[in-house]
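Input: a single structure, listed below in structure tokens.
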Amino acid sequence: MESVFYHNASRVNEGDFLAILFHCPWDNADQWLAALQAALPNEEFRIWPDLGAVEEIDFAMVWKLPHGILSALPNLAAISSLGAGVDALIEDPDLPRHIPIARLVDPLMTDRMAEYVCATVLHHHLGLDVYDEHQRRQYWQRNPTTDARDRTVALLGLGQMGRRCAQRLGALGFNLAGWSRGSNDVVGVQCSHGRGNLEGVLQAADITVVLLPLTGQTINLMDRVAFNAMRPGSHVINCSRGELVVDADLIAALDAGQLAGATLDAFREEPLPRGHPLWRHPKVRVTPHIASLSAPDTAALILADQVRRARNRQHLADTINIEHGY
Ligand code: GLV
């Protein structure tokens, strides 16, 4: 595999000037750049769209870069996403597929995701959404309690984030089921894999947490069929991408009482447009894609290490399998 790493390196001579392409469309782009410059003080960053001499760029750190830019960099040797997901990169029809592409795997983001999942699972588990509604009506009523050991949480996706969530939820005492594309073995989790086994996992769960990457196999996975397979009165939490959920099917399942509630952190269109039915649905809790925000200070150290690896012709960490799409 070593040979793919500097596929174009023969075109860059020893001592040639090298630069890093940076594109961050977030509000805190300045903070990102400052953290990266501190971690890589001797590097020159080219901030899209000011690319300068394109042949000097050998590394790209990007999020939602317009399509067609990466393929116009003749000496690009590696790409790193500024987030955990790479779906926006893979959507680029001109993506240079022969060079290594890395996800951002930051233990801090993994912890943040686990905190979000534990908080939202506990919210549903304790029926706090019901008490929120009671409070609005000044209505005092104690509902029966269910213990964590009598609840099953299904984790769809058993990557780093899914496994960390499993650890934390297991420590809280929940029964855990897990589902993934390929086979997986996670301590304390009843694991299944493959599309044919999804229904069984959904049927077993009181709360289903979607942590899968967006790929050709997972798009629209949570549709009418999936919601009908879920236990009546169960909850769904989506921390992945909006495209995994068919919104109209979710709303129909909530309105029919098949599902008791949904917590959604990701949407097909972000920001979720004003007036979208999900904003106002009484059984839906909306958060603005904050479950696992990337953190410039820790990410910069990880990205700096990736640059050093690429320059030393070493394997990058956390590269994706382009055929799997993550
Ligand atoms: C956020 O959605 C990410 O992919 O990091």
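All values below were derived from every heavy atom in this structure, side-chain atoms included, with hydrogens, water molecules and symmetry-related copies excluded. Each ligand, and each atom within it, is numbered from 1 in the order the structure gives.
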Lys/Arg N to Asp/Glu carboxylate O, D132 vs R136, below 4.0 Å | no

Is E56 salt-bridged to R46, cutoff N-O under 4.0 Å?
-> yes

Under a 4.0 Å N-O cut-off, is there an ion pair linking R285 with D129?
-> no

salt_bridge(D58, R311) N-O dist < 4.0 Å | yes

Below 3.5 angstrom, do we get any N/O pair linking S292 and ligand 1?
-> no

In the protein, what heavy atom is nearest to atom 1 (C) of ligand 1, and what distance, to one decimal place, separates them?
-> H289 NE2, 3.6 Å

When you measure from atom 4 (O) of ligand 1 to every protein heavy atom, which one gives the shortest distance, and what is it?
-> G85 N, 2.7 Å

Modelled atom types, side-chain donor and acceptor of H324 and T215, under 3.5 Å | no

Close approach, R103 and ligand 1, non-hydrogen under 4.0 angstrom | no

At what distance is the nearest protein heavy atom to atom 3 (C) of ligand 1, and which residue and atom is it?
-> A84 N, 3.4 Å

M109 heavy atoms, cut-off 4.0 Å: which ligand 1 atoms fall inside?
-> 5 (O)

